[in-house]
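For ligands, and for the atoms within them, numbers begin at 1 and follow the listed sequence. Residue indices begin at 1 and follow the sequence shown.
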Amino acid sequence: MPVSESRVLILMSRTGGGHLASARALAAEFERQRPGVAVEIVDALIDHLVYPINRLPGSYDFLVNRTPWLWELLWQQTRWTRLTDPVSRAVRVLSRPRIKRLLAASAPDLVVSVHPLVNALVAPVLADVAPATPFATVVTDLGSFHPTWFNGGTKVLFVPTEEAAEIALRTGRPRASVHVCGLPVRAEFAEPPASRTAARAAFGLRPDLPAVLVMGGGDGIGPVGAIVRACAAALGRDGRGQIAVVCGRNGRLKAELDAVQWPAPVAVLGFVDRMAELMHACDLLVTKAGPGTIAEATICGLPILFSGFIPGQEEGNVDYVVARGGGRFIRQPEAIAEAVVSLFGPDRAALAVMAESSRALGRPHATTEIVARLSGLLKA
Ligand code: UDP
């Protein structure tokens with residue numbers, strides 16, 4: 001068996017789909033740039049924290065879906081939590097033996113965090129057990145940043161925008177340790193499929209009608225069903241468009257939508273692995289303001305209608321895109337449907353302008369740049 005030249009440990013957690021998608025994008029790019037490097041992706045919170053703290057990330061879906069007010073309260077309150085607070089200290093002390101075991105078993109030459117809560121838990125332990133091993137953080141939010149992204153001993157920080165860099169610099173870290181690159185997304189988003197017609201056929205979409213893609217992150221959260229019903233009714237009357245709906249890991253939503261007799265063409269999809277192909281095959285996106293989805297859609301030049309956002313971390317993402325002309329914020333399903341019909345019909349010119357503004361926000365080389373810099377932290 002060939003011996004790996006170096007080992008990289010990427011730490012994420014399965015709260016939503018974005019952190020895992022970013023981790024996989026970085027791993028794939030390491031494979032391309034440095035095939036000899038062994039990359040391991042680990043859920044540091046669910047699989048390596050002490051019980052019952054490791055159960056908390058599992059309640060994320062429930063909180064953001066069912067009690068968003070409580071999630072917002074937690075997000076806002078924890079912004080002011082200091083690392084020296086008793087609860088925060090207790091979590092770190094209780095988790096320390098497990099984190100130590102993880103680092104000993106993985107023996108990494110570089111640790112990369114793509115989750116804000118990982119930093120303060122892991123970086124101090126790494127500094128004790130392997131002080132020469134670099135710890136880097138890749139921020140995977142776009143417009144709102146929880147302070148935990150920027151604390152906890154991260155030596156090298158990758159941020160998506162200049163605004164994020166400004167916030168990071170206000171915490172007193174040196175400019176040279178902050179790199180503005182964009183969000184890491186899978187390389188295929190930058191490569192349109194050779195045939196759009198073939199891509200459409202692969203997802204059950206017709207070649208002759210404009211297509212709106214409706215989704216709600218990796219877990220299919222938010223009023224996705226209501227939006228699809230409203231859009232299908234409007235497009236059924238108008239006859240000028242079709243819908244692809246991605247239910248992600250939300251099996252209940254998929255079953256519910258599979259059972260509907262639609263008045264317009266609707267392709268109901270579960271978890272889609274080839275999301276780049278699907279985005280390139282569509283003309284408009286309706287989504288919650290997930291940072292991963294936005295980064296991907298802008299690279300594809302897909303205009304965005306935001307139907308909502310997870311309070312706290314996604315709020316700033318809406319402004320980030322809307323202020324730059326790449327999208328609009330419309331909460332009511334019926335109003336979204338009206339906008340879709342209009343953008344596919346009399347307002348087609350506005351759709352084209354939005355598409356160009358969206359494309360201008362895309363950072364197709366973010367992952368390549370981030371991995372090239374991370375690679376520089378490894379021995380040659
Ligand atoms: N995603 C995917 N297949 C699906 C649904 C979502 O690959 O069926 C990916 C999507 O392309 C994006 C991520 O899941 O990379 C969602 O991340 P985002 O930050 O938008 O939202 P989150 O799920 O973290 O709330």
Phe309 six-ring centre to Arg331 NZ/CZ under 6.0 Å and within 45° of normal: yes

Numbered atoms and elements of ligand 1 in range of Gly248, under 4.0 angstrom, heavy atoms: 8 (O)

Which residue holds the protein heavy atom closest to atom 8 (O) of ligand 1, what is that atom called, and what is the gap in Å? Val272 N, 2.7 Å

Please evaluate residues Arg200 and Asp283 with respect to the criterion salt bridge (charged side-chain N to carboxylate O under 4.0 Å, His left out), reporting the C-alpha separation (whole Å), side-chain torsions for both, the decisive distance (0.1 Å), and the verdict. CA-CA 11 Å; Arg200 283 188 159 206; Asp283 304 280; 2.8 Å; yes

Does the pair Lys254/Asp219 count as a salt bridge with the N-to-O cut at 4.0 Å? no

What protein heavy atom sits nearest atom 6 (C) of ligand 1, and how far away is it? Gly218 CA, 3.6 Å

Provide the number and element of each atom of ligand 1 under 4.0 Å from a heavy atom of Val246. 4 (C), 5 (C), 8 (O)

Looking only at distance, does Thr293 have an N or O less than 3.5 Å from an N or O of ligand 1? yes

Using a strict threshold of under 4.0 Å (side-chain N to carboxylate O), is an ion pair present between Arg32 and Glu188? no

So the atoms of ligand 1 within less than 4.0 Å of a heavy atom of Gly270 turn out to be 8 (O)

For Thr140 and His19, test the side chains for any donor-to-acceptor distance below 3.5 angstrom and give the result as yes or no. yes

Does the side chain of Glu314 come within less than 4.5 Å of Lys288's, by heavy atoms? yes

As an exercise, identify every atom of ligand 1 less than 4.0 angstrom from a heavy atom of Met275. 1 (N), 2 (C), 3 (N), 4 (C), 5 (C), 6 (C), 8 (O), 11 (O)

Measuring from His115:NE2 to Trp149:CH2, what's the distance to the nearest 0.5 Å? 7.0 Å

Relative to the heavy atoms of Glu296, which atoms of ligand 1 are at a distance of less than 4.0 Å? 10 (C), 11 (O), 12 (C), 15 (O)

Going by an N to O cut-off under 4.0 Å, is there a salt bridge joining Arg175 and Glu162? yes

Quick one: which ligand 1 atoms are inside 4.0 Å of a heavy atom on Ala21? 15 (O)

Using heavy-atom distances, let me know which of Gly292, Ala25, Ala295, Ala297 sits nearest atom 18 (P) of ligand 1. Gly292

What are the atoms of ligand 1, with element, lying closer than 4.0 Å to any heavy atom of Gly217? 5 (C), 6 (C), 21 (O), 23 (O)

Lys288: heavy atom below 4.0 Å from ligand 1, yes or no? yes

Protein heavy-atom partner closest to atom 24 (O) of ligand 1 - residue, atom, separation in Å: Gly18 N, 2.8 Å

Using distance alone, with no hydrogens and no angle criterion, decide if Arg324 and Ser357 have a side-chain donor and acceptor under 3.5 Å apart. no

Please report the shortest heavy-atom distance between Ala25 and Thr367, naming the atom on each side. O-CG2, 3.6 Å

In the protein, which heavy atom is nearest to atom 9 (C) of ligand 1, and how far is it? Arg186 NH2, 4.0 Å

Among all protein heavy atoms, pick out the one at the shortest distance from atom 22 (P) of ligand 1; state its residue, atom name and that distance to 0.1 Å. Gly17 N, 3.4 Å

